[in-house]
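Counting starts at 1 for both ligands and their atoms, following the listed order.
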Amino acid sequence: MRPFRTPLPPSRLPHVGTTIFTLMSALATEHGAVNLGQGFPDFEGDPALLDAVHQAMTDGLNQYPPMAGVPALREAVAAKIEAQYGKRYDAGSEITVTAGATQAILTAILAIVGPGDEVIVLEPNYDSYAPNIELAGGSVVRVPLLAGSFRPDFVRIAAAITPRTRAILVNSPHNPSATIWRAADFDQLAEILRPTDALLISDEVYEHMVFDGERHASASAHPELAARAFVMSSFGKTFHVTGWKIGTVAAPAPLSAEFRKVHQFNVFTVNTPMQHGLARYLANPAPYLDLPAFYQRKRDLFRDGLAGTRFKLLPSEGSYFQVVDYSAISALGETDFCRWLTSEIGVAAIPLSAFYADGRNQGLARFCFAKQDATLRSALQRLARL
Ligand SMILES: Cc1ncc(COP(=O)(O)O)c(C=O)c1O
């Protein structure tokens with residue numbers, strides 16, 4: 001019998017293939033390399049958090065929660081944002097629990113972007129932004145961060161605004177460059193957006209990883225911007241449980257209402273026991289207040305270890321990434337260099353080109369230092385040859 005035919009519609013995302021993260025992780029496994037490529041911790045979350053979730057399950061909290069999230073968690077998040085950034089969101093109408101920040105970003109984009117709309121993204125950026133905008137039928141308008149410093153280029157951002165600009169997407173602390181936005185940066189953005197109806201999508205998943213005594217500048221702390229912003233956060237990042245895929249979005253009630261229309265028919269809601277566990281765990285702020293010191297120590301261990309190599313270290317102001325310039329070591333393109341580093345030196349990294357649409361080569365690679373000290377030391381031992 002002839003096999004039945006599988007009709008294949010035109011791809012909605014014809015340019016999307018297997019990501020470099022998957023490729024590098026596979027290569028790392030193949031060569032027994034230390035994987036400092038993909039951004040996730042190789043250590044466990046706090047047992048107190050795991051216990052709280054387990055308790056919720058054994059308490060029978062296992063059925064559908066309300067669409068926007070468990071009220072106790074939304075209350076806890078509203079209180080946390082107020083304590084951190086001085087902005088009071090209404091837990092009932094302005095905080096929504098999502099299946100991670102990635103879903104929150106897609107949902108926000110589907111809620112506000114349609115054919116003919118433009119969305120500004122700053123390059124380099126997290127790889128879901130552009131496909132999200134394309135899925136919504138919008139046009140991606142790419143504005144590069146300043147070469148070398150990776151700071152926002154407000155002249156070019158202002159020049160990119162048109163009557164069709166629906167939103168701008170920003171990310172601080174920034175993946176992959178590990179730079180942060182400061183309050184003055186948000187002031188400049190506010191000035192540019194003031195005469196427009198453009199919305200702000202602020203990806204703040206690394207909000208609790210800001211170093212050297214700086215404080216995270218959140219869009220929610222900027223009243224003018226908060227009035228037009230979706231602000232995304234990720235419990236997965238903050239509490240070392242990236243596989244839980246749970247986060248939140250905070251936005252003014254009318255924007256949250258539009259968000260929830262899409263959310264309702266997308267995931268509808270997010271798993272119940274994790275929400276209850278997180279609600280209880282958030283009663284103690286110490287775990288996230290201690291996070292900057294926790295990651296700063298790892299950053300310094302990693303940077304100190306690389307100081308004797310020919311890698312040039314770019315600043316790491318926030319997030320759990322460290323970008324290095326390897327041009328004194330090799331003339332290879334970034335992808336080839338990272339392949340070589342993985343297979344020959346035994347440490348996996350991600351080429352910065354993976355975060356640009358044009359895959360440009362600048363001689364830069366990104367390491368993730370969200371790893372046990374022993375993992376970092378083992379990577380440093382291998383990298384010491386360079
Ligand atoms: C900038 C940025 N945004 C969002 C995410 C995803 O967050 P979540 O795991 O909560 O979906 C990541 C994860 O790497 C990220 O780097």
Evaluate the ring planes of H222 and F186, with Trp represented by its six-membered ring, and classify them as parallel (under 30°), tilted (30 to 60°) or perpendicular (over 60°).
tilted

Would you check if there is a donor-acceptor pair between the side chains of N125 and R142 at a distance under 3.5 Å?
no

Heavy atoms of P65 and V270 approach each other most closely as CG-O, 3.3 Å

Suppose I only count heavy atoms of [X] and a 4.0 Å limit; which atoms of ligand 1 are within that range?
X: N175; value: 1 (C), 15 (C), 16 (O)
X: N171; value: 1 (C)
X: D203; value: 1 (C), 2 (C), 3 (N), 4 (C)
X: G100; value: 10 (O), 11 (O)

Would K237 count as a cation-pi partner of F40, with NZ or CZ less than 6.0 Å from the six-membered ring centre and within 45° of the ring normal?
no

Any idea which protein heavy atom is nearest atom 9 (O) of ligand 1, and the distance to it?
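Scanning the protein heavy atoms, the shortest distance from atom 9 (O) of ligand 1 goes to K245 NZ, 3.1 Å.
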
Could you walk me through whether L380 and F302 pass the side chain to side chain contact (heavy atoms under 4.5 Å, CB included) test, one step at a time?
CA-CA 7 Å; L380 287 168; F302 190 57; 3.8 Å; yes

Taking only non-hydrogen atoms of Y206, do any sit less than 4.0 angstrom from ligand 1?
yes

Over 12 non-hydrogen atoms of neighbours within 6.0 angstrom of NZ in K87
yes

Using heavy atoms and a threshold below 4.0 Å, how should the contact between K237 and ligand 1 be classified: side chain, backbone, both, or neither?
side chain

Between M232 and ligand 1, find which residue part has any heavy-atom pair under 4.0 Å and reply side chain, backbone, both or neither.
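Contact part for M232 vs ligand 1: neither.
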
